[in-house]
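Everything on this sheet refers to the single structure shown next.
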Amino acid sequence: MSMDAVDVAFTEAAVGAGISPLLMLATLAIVGRYQKTSATLPSPAAAFILVFITGSLLIVGTLDMPAFGAADAPAQLHVAPRYIHLSGEEIGIPNMVTSVLASYRAYDTLGEVVVIFTAGIGVLSLLGFSNSQNNAYFIDKIIAQDEHKILRIVAKILIPPILLFSLYVQFHGDFGPGGGFQAGVIFAAAIILYTLFFGLEVARKVINQTFIRVLASLGVLLYGSVGLVSLLSGKNYLDYHVFADDPQTAQHIGILVIELGVGITVACVMMLIFFSFIENIKQEEVR
Amino acid sequence: MIVFELFNYWIVIVLMMIGFFIVISRSNLIKKIIGLNIFQTSVFILYISTGKISGGTAPIIAENVTVYSNPLPHVLILTAIVVGIATTALALSLVIRIKASYGTVEENEILQRDQS
Amino acid sequence: MNNMFLIVTTITLLVVMALALIRAFAGPTVFDRVLAGNLFGTKVVLLIAVMGFLTGRPDFLDVALTYALINFISVIGILRFVEITRKSSPKEQS
Amino acid sequence: MSLVVDILSAICLLTGSFLILSGVIGVIRFPDFYTRIHAAGITETLAASLILIGLMLIAGWGLVLFKLILILLFILFTSPTASHALGKAAWKSGLKPHGLVNKHDED
Amino acid sequence: MRHIISIALMLSLIWLVNSGHYNPLQLSLGAISVFFVVWLAHRMDVVDHESQPIHLSKQLPIYYLWLIKKIVISNIDVARLVWQPKTSMTPHFQRLLISQKTDMGRVIYANSINLTPGTLSVDLKDDYVLVHSLTTDGMEELLQGEMAQRVKELE
């Protein structure tokens, strides 16, 4: 907070508070909550000494680091001033984080999106492409068993506003904190809420699995093809100036399309991951 | 007082070492992943804190503001967080597969199984 | 003058969050921990809002709103998973 | 006029802070889970509203005001639901309340 | 259909209030978003008289004004309990019969019980709501049924 990182706070709020603990708990639900008494390796004392020594060495190492908030630290000297002073004119949108993310360093971001996509594929191939229907039936039975009347009605009221809010975040990344990454996660969180109350089968009917698999790849493809279009027009990869004569408008269009691609991919991958985790919840003990 | 200006790194190191300790001293794979997550968070904080400039404000252009913090680390970490959750999901699904084939998520038991 | 009251509120919120953490560590049941977590979450929302005013950048309000949304979802989600886990392994009830 | 608004917002912020503090002390002090939910309740209904109203008074007319109202509505909407969900989950899992229990028919 | 219009209006309002940028591009993106969300919500089957209680909307404000008064009073009560010694608390459970007919009315009733600290509805099943109360006074007040009566009038 004192570090002015609004966008990062935004992402961390969406990811750290939402998806990540839910995935952890889903895993716990799958592998069972048992706790072995021998939960530690033989020598915790040795581990502690090792950690202590490493930590001390690192702290000694920090003595040469630039002070917190120093304006002349090496990190502030190279490309950062250009981003800060020129992005307003060159890109024409107020949020510098978005202009760096989607324009100056769009190639990096493409890489990140591909990593997320690959991780999604990895999860799917590890956990199986929904081959067993009875597991899904098991969790649906649990969801149907307990009547959460109040929660169900509240969820009904809340889900549309959350979805809309995620789209708001998606399209206002230019002006304030936000963008495709955050929007995708919030969107997926709304769908997760829906799944938890209306069952996996219902959610599967609403969100067609094959469709979001295709959509996840389409998101990456959209991103990549933007670069391809500019490449075919004789400019550099992901150079947005081909979209319009006015550089600022061109940048704006390019960023909008790219953020859309990011948002679609992130939302779809998160949903896919969550669905495949949920599918795997089953009774280990009763087997 | 140069020492007190380095407190951000110390917080990072403490968090990092907590994560490290969990990774090397617990044998439960899920706990190891949680430890790695803490480690990861400490790296995020390290990056973000290097982007801070005293007196600066969030890098969104506004009137009457001249000093902004460095947006570059924000960009890097913003994507890293989402990538982090995706890779965590991958690790967790690996754990699920390990549990399915070994019947346990404790590292020492898995090693025993492998050796026997 | 307003700033002073904002600072007082911030400090109170920080103290409250620390106390909530004590409850989260003390437990004793998983529900106490979730309750403390929820309490912590709503206080973070307020803290973000107050800090936004303190630094003069109300952009933070979007973050606060997101946090409020996600906090609710994760609390509900955690409870659902606790229920599901207990149902799938009834012998481990404590 | 602006002085009145300032004083009002200061009063709201301070009462809100006090209520939040008493709520969390209740969470620490109360003997069992079910009573703690009530203590958490006061930090989430009136106290949060007061703090947000105090901020609204500072913000004045504009988008910020509406965003604050949105946050307030959202908190008022979700916090009772969350505490209900907590109470219900604890009850279903068979957590017994501390002290006297009457008309306690398990289903 | 009425419900779809109502949800579309509500979502548009949220967008306009949040956005702050009223150029043609953002407005059209907003329209697309609202349309998409309404379509998705319709597909999810969450748009009905329960999520869009327009048939109640006339009386709701009056009820909520009354509820706010209640919330303030009960908040002060609980805050006083916090600062007093433990002996003044008499926590207990009780099952109350609900008089409301519709699910919506029941949920409003249960949520009102939750919103006033000191009383918490733990379970809502069949025609009963299980309430946990911090003090006997709070339970007495619910038993007198003013809140139940007011919610019933809403239906």
Side-chain angles (χ1 to χ4, degrees), chain C residues 1-13 15-20 22-24 26-32 34-36 38-43 45-50 52-53 58-62 64-65 67-69 71-73 75-76 78-80 82-83 86-87 93-94, chain D residues 3 5-7 9-14 16-25 27-28 32-34 36-37 39-41 43-44 47-48 51-52 54-55 57-59 62-68 70-72 74-75 77-79 81-83 85-95:
Chain C
M1 183 192 92
N2 265 319
N3 262 351
M4 196 185 80
F5 293 108
L6 285 178
I7 290 169
V8 170
T9 315
T10 314
I11 293 170
T12 326
L13 282 171
V15 171
V16 165
M17 281 158 72
L19 291 174
I22 293 178
R23 177 45 79 197
T29 64
V30 62
F31 302 108
D32 283 295
V34 178
L35 178 72
N38 185 26
L39 190 65
F40 192 84
T42 48
K43 300 298 101 57
V45 173
L46 293 179
L47 184 71
I48 295 171
V50 175
F53 276 84
D59 301 319
F60 283 107
L61 286 180
D62 276 350
L65 195 52
Y67 204 95
L69 290 167
N71 183 46
F72 174 69
I73 292 179
V75 166
I76 299 291
I78 287 169
L79 288 175
R80 292 298 281 156
V82 169
E83 281 172 8
R86 295 205 174 210
K87 282 221 171 94
Q93 272 194 12
S94 53
Chain D
L3 186 72
V5 172
D6 274 3
I7 291 173
S9 86
I11 291 173
C12 281
L13 286 175
L14 289 182
S17 306
F18 174 72
L19 271 177
I20 265 187
L21 199 63
S22 33
V24 84
I25 286 174
V27 172
I28 298 279
D32 78 331
F33 172 71
Y34 294 102
R36 278 174 209 144
I37 298 184
T43 70
E44 271 159 32
I51 288 185
L52 286 173
L55 291 180
L57 289 171
I58 298 177
L63 274 181
V64 174
L65 177 71
F66 289 113
K67 282 192 185 175
L68 283 170
L70 217 56
I71 295 177
L72 176 58
F74 194 80
I75 288 183
F77 207 78
T78 54
S79 73
T81 317
S83 36
L86 269 164
K88 183 166 179 170
W91 179 253
K92 289 269 170 186
S93 81
L95 183 68

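Note that the coordinates shown come from a computational prediction; the quantities given were computed from them, not determined experimentally. Just so we're on the same page: letters track the sequence lines, and every chain starts at 1.
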Can you tell me how far [atom2] of [Y] sits from [atom1] of [X], rounded to the nearest 0.5 angstrom?
X     : Y     : atom1 : atom2 : result
C:L6  : D:S9  : CG    : OG    : 7.5 Å
D:F77 : C:F72 : CZ    : CZ    : 8.5 Å
D:D6  : C:F5  : CG    : CZ    : 9.0 Å
C:N71 : D:F74 : CG    : CZ    : 9.0 Å
D:L70 : C:L65 : CG    : CG    : 5.5 Å
D:R36 : C:L35 : CZ    : CG    : 8.5 Å

Among [options], which has the most heavy-atom pairs under 4.5 Å with chain D?
options                    : answer
C:L13, C:V50, C:I22        : C:V50
C:V8, C:L39, C:T42, C:V15  : C:L39
C:I11, C:L46, C:V45, C:V34 : C:L46

Could you look at [X] and say if it's the side chain, the backbone, both or neither that has a heavy atom under 4.5 Å from chain C?
X     : answer
D:A59 : both
D:L21 : both
D:L55 : both
D:L86 : both

> What part of C:L79 gets closer than 4.5 Å to chain D, counting heavy atoms only: side chain, backbone, both or neither?
Replying inline: side chain
>> For C:I76, which atoms come within 4.5 Å of any heavy atom of chain D: side chain, backbone, both, or neither?
In response: side chain
> Closest approach of C:A20 and D:V24, non-hydrogen atoms and distance?
Replying inline: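 What the structure gives for the nearest pair is N-CG2, 4.0 Å.
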> Which atom names give the shortest non-hydrogen contact between D:V27 and C:R23, and what distance separates them?
Replying inline: O-NE, 3.1 Å
>> What verdict does the side chain to side chain contact (heavy atoms under 4.5 Å, CB included) test give for D:I37 and C:F31, after you've listed the backbone C-alpha separation in whole Å, the side-chain angles of each residue and the deciding distance to 0.1 Å?
In response: CA-CA 10 Å; D:I37 298 184; C:F31 302 108; over 6 Å; no
> Listed by chain and number, what are the ring-ring contact (aromatic ring centres under 6.0 Å, His included) partners of D:F66, not counting sequence neighbours?
Replying inline: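 Counting only residues at least two positions away or on another chain, D:F66 forms a ring-ring contact (aromatic ring centres under 6.0 Å, His included) with D:W61.
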>> At a heavy-atom distance under 4.5 Å, which candidate from D:G23, D:G16, D:A82 has the highest pair count against chain C?
In response: D:A82
